[in-house]
*Asks:* 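Pasting in a structure now, in structure tokens, and then I'll have a few things to ask.
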Amino acid sequence: MLNRRAASPSLPLELVGLYDKEKYAEQQRYFAENNRFGSIVNTATILVILILLFTGLFGWLDEWTREITSDSLLWSTLLFFGILFLANELFSLPFEVYDTFVIEGRFGFNKTTPKTFIADQLKSLFVSLILGGVLLTIIVLLYGWLGHRFWVVACGVVIVFILLLNMFYSQWIVPLFNKQTPLGEGELRTEIESFAKRSGFCLDNIFVIDGSRRSTKANAYFSGLGSRKRVVLYDTLIDELTTEEIVAVLAHEIGHYKHRHTLQMLVVSVLNVFLMFYLFSWTLDNIQFAEALGGSRPSFALSLVSFSLLYTPIGLVTGVLINVLSRKNEYQADSFAGRFGLSEALVSGLKKITVKALSNLTPHPLYVKVYYSHPTLLQRIAKLYKMGKK
Ligand SMILES: [Zn+2]
């Protein structure tokens, strides 16, 4: 609500000229629509959770899955979460369809065909079931063998899992959904080559991804560790920005690499996983966590559900801390680009990306502090200009 009230029908002074009047009115409509849609999704989600809690359906499902698997810890837990996962997918599907084809479609962002959409849904369902199933199996087996103290080992397994995903995300997961090609010959490549030399980054690690298959929105990101590192540029970014602006955006991404931000975030998620497992171990074998969900005996599955509900407010706090760190990293990557004399190009590139995506220019400051992983456009411009003056 604060964020909705902070929406300004007139452009902030510093950004006059960024949008024309019509385009800005469109941005305001887009923001209002997304905000309203978000409230509907959140309300529906809370209602479903309340219904599940008050009817004791979690407890009933736990009892049922234990009965038909003859009380096998592994199979009943897998079945329990398999059903919850599929139910959740079905619940969120209409919202996703509405978001993609109605909202994004109406504002001209959507390029996803129904065929691509269905294929995406099936592929991500498959990937989630495999990855989640394997991880859950390992965790439950460890619990079966080691009892209460399983969490230290399970924590280690999850950390290895996160490391592997981080390293192989670009090689294993992305190709299921997108094509990545090395940057082709031409002016852009020559310019990037010269920048790569100046900054000491290997050009072989720069890829172009076909983001235009799904959306007109532009983006770029850095992923991977060590020799698996790569900068990925969206083809939409290359179409929209000038060569110098692209080099500036690329410099920002290389800045993330030079400042070891991926590694830093990895350490943070490892600590986070450790905290989660430690807290989760408290809920195990405790009948009260099962009874709260309508169960009648201690249950691994019910403990995990109780834990995830109770963890939500803690997760909000850790999320705020992680966002503080992430926003600091964004400034650092910006100033890396600035050190190569690319401040102005980065500002004009960021402006184009923001306008293209109809991003909110005036979020409420508190909303930014809690939810934003990136500083706002205005904040970034202010920092870059300040740096340019020094
Ligand atoms: Zn960044």
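Being a predicted model, the structure only gives us computed values, none of them experimental. We count residues from 1, following the sequence as given. Only heavy atoms go into these numbers, but all of them, side chains included; no hydrogens, no water, no symmetry mates. Read the numbers this way: they start at 1 and go in the same order the structure lists the ligands and their atoms.
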*Asks:* Hey, is the Zn ion (ligand 1) within less than 2.8 Å of some N/O/S atom on H374?
*Replies:* no
*Asks:* Check R214 with D120, please: is the shortest side-chain N to carboxylate O separation under 4.0 Å?
*Replies:* yes
*Asks:* Return the CZ to CG distance between R5 and N3, rounded to the nearest 0.5 Å.
*Replies:* 11.0 Å
*Asks:* Can you check whether W151 and F280 have ring centres sitting under 6.0 Å from each other?
*Replies:* no
*Asks:* Taking 4.0 angstrom as the limit, do D334 and R380 come out as a salt bridge?
*Replies:* yes
*Asks:* May I have the angle between H256 NE2 and H252 NE2 with its vertex at the Zn ion (ligand 1), rounded to 10°?
*Replies:* 90°
*Asks:* Check E330 and report its N/O/S atom nearest to the Zn ion (ligand 1), by atom name.
*Replies:* OE1
